[in-house]
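Excluded from the calculations below are hydrogen atoms, water molecules and symmetry mates; all remaining heavy atoms, backbone and side chain alike, are included.
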Amino acid sequence: MLSSLSSTISRLNLFYPKPSIPYSLSSCLKTLKPQPIIPRWSPLHSLSTHSTSRLSTSLKPQLETLVSKDDLVVLGIETSCDDTAAAVVRGNGEILSQVVSSQADLLAKYGGVAPKMAEEAHSQVIDQVVQEALDKANLTATNLSAVAVTIGPGLSLCLRVGVRKARKLAGSFNLPIIGIHHMEAHALVARLIERELQFPFMALLISGGHNLLILAHDLGHYIQLGTTIDDAIGEAYDKTAKWLGLDMSRSGGPALEELAREGDAESIKFSTPMKQHKDCNFSYAGLKTQVRLAIESKNINAEIPISSASSQDRRSRADIAASFQVTFLWLILFLIFIEF
């Protein structure tokens with residue numbers, strides 16, 4: 001959630017003197033090579049056009065009339081996947097409130113994110129989450145300068161919930177809407193925390209189904225060094241955790257990491273994906289296959305939850321989890337090494 005707001009505040013030219021306020025989302029997200037960092041879906045295309053045009057015509061004059069950056073107050077809304085979140089942040093980076101409603105129960109029930117169920121869960125709590133964020137900030141919608149909302153990448157069904165709420169709120173109080181590409185936001189969140197961070201810098205972005213290694217030259221100017229060519233790491237973690245019979249209520253990553261602490265990372269030698277390729281792309285489909293074969297060789301039954309596994313069975317599962325994690329770490333280090 002805060003990463004979305006960091007993108008908003010940075011783009012509004014409050015922390016740093018340049019560049020100027022962007023006039024369209026597409027121009028803000030362009031990169032020189034090898035391809036633009038833009039969402040891979042377009043269900044909200046017409047909406048993003050509406051939002052960015054409104055930004056260009058109404059937001060800039062409003063900002064120019066502000067006395068100082070402390071006067072800017074932005075509400076951020078995030079519903080791109082399985083959590084409903086809202087936060088209120090001042091232009092100087094002060095976090096006034098942050099509220100998150102988790103869908104952990106649904107993750108456990110379905111063994112991952114079920115888009116339609118996630119959409120319904122967002123719809124049930126979005127009003128409450130936004131109102132709670134405003135209440136915790138001791139503000140009302142009349143005190144807001146703008147509404148920022150994630151428009152991608154993400155699950156289109158879920159994204160629509162946040163966008164509808166943002167449009168309703170903005171329409172009721174005559175506020176500009178700022179469409180946020182949340183991968184850009186993840187890259188810029190470091191500047192919200194580390195105020196002295198200067199461009200250029202490299203960022204490794206690992207967010208659900210999206211993996212990117214980018215070189216950030218300036219606001220809105222990013223070079224994509226690598227991306228996933230098949231499965232993202234989130235998919236690999238979730239599938240591995242499910243095959244190992246882990247508790248998915250916190251998603252696969254935390255459960256797998258916790259179990260891996262009990263295991264021997266040297267027990268199973270998984271090959272490092274893409275090691276033979278001299279580029280920075282990611283691939284996890286092959287690693288998933290290796291993990292599945294290792295699980296089958298150990299006769300691990302995913303129907304038996306880890307809490308009911310024998311000590312030997314638990315150790316086997318822990319060894320696989322640890323070996324999986326160390327292979328992932330080596331892949332990241334290898335990618336960074338070949339780039340330099």
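- The CD atom of Glu120 lies 10.5 Å from the CD atom of Gln103; values are rounded to the nearest 0.5 Å.
- In this structure, OG1 in Thr240 is found 10.0 Å from CD in Gln325, a value given to the nearest 0.5 Å.
- No option in Leu259, Ile268, Leu256 other than Leu256 meets the side-chain contact (heavy atoms from CB on, under 4.5 Å) test with Phe324.
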message: salt bridge (Lys or Arg N to Asp or Glu O under 4.0 Å) for Arg315 and Asp319? Distances and angles first, verdict last.
response: CA-CA 6 Å; Arg315 181 55 187 261; Asp319 287 346; 3.1 Å; yes
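- At least one side-chain heavy atom of Thr289 sits less than 4.5 Å from a side-chain heavy atom of Leu293.
- Although no hydrogens or angles enter the test, the distance criterion places no donor-acceptor pair under 3.5 Å between the side chain of Ser80 and the main chain of Gly154.
- Applying the salt bridge (charged side-chain N to carboxylate O under 4.0 Å, His left out) test to pairs two or more places apart or on separate chains, none has a residue in residues 137-153.
- The CG atom of Asp238 sits 10.5 Å away from atom CG of Leu246, with the distance rounded to the nearest 0.5 Å.
- When the side chains of ILVMFWY residues are joined at heavy-atom separations under 4.5 Å, either directly or via intervening members, Leu215 and Phe282 end up in a single hydrophobic cluster.
- Between Leu225 and Met202 there is a side-chain heavy-atom pair separated by less than 4.5 Å.
- Under the side chain to side chain donor-acceptor pair (under 3.5 Å) criterion, Glu262 pairs with Arg314, not counting sequence neighbours.
- Note: Tyr222 OH to Glu184 CD = 3.5 Å, rounded to the nearest 0.5 Å.
- Residue Ile151 holds its CD1 atom at 10.0 Å from CD1 of Ile177, rounded to the nearest 0.5 Å.
- Between Asp82 atom CG and Leu106 atom CG the span is 9.0 Å, to the nearest 0.5 Å.
- Counting only residues at least two apart or in different chains, salt bridge (charged side-chain N to carboxylate O under 4.0 Å, His left out) contacts with residues 91-108 comprise Arg90-Glu94.
- For the side chain to side chain donor-acceptor pair (under 3.5 Å) test, residues two or more places apart in sequence or in another chain that qualify with Thr140 are Thr142, Asn143.
- Although no hydrogens or angles enter the test, the distance criterion places no donor-acceptor pair under 3.5 Å between the side chain of Asn281 and the main chain of Ile229.
- Ring geometry, Phe199 versus Phe201: the interplanar angle falls under 30°, so the pair is classed parallel (tilted spans 30 to 60°).
- Atom CD of Glu303 has 12 or fewer heavy atoms from other residues, nucleotides or ligands within 6.0 Å.
- Residues meeting the side-chain contact (heavy atoms from CB on, under 4.5 Å) test with Lys136, sequence neighbours left out: Ser97, Val99, Glu132.
- Pairing each heavy atom of Val100 with each of Ala85, the nearest pair is CG2-CB, 4.0 Å.
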Using distance only, find each side-chain donor-acceptor pair of residues 304-313 under 3.5 Å and give its atom names and separation, not counting sequence neighbours.
unit_1: Ser310; atom_1: OG; unit_2: Asp313; atom_2: N; d: 3.2
unit_1: Asp313; atom_1: OD1; unit_2: Arg317; atom_2: NE; d: 3.3
unit_1: Asp313; atom_1: OD2; unit_2: Arg317; atom_2: NE; d: 3.4
unit_1: Asp313; atom_1: OD2; unit_2: Arg317; atom_2: NH2; d: 2.9

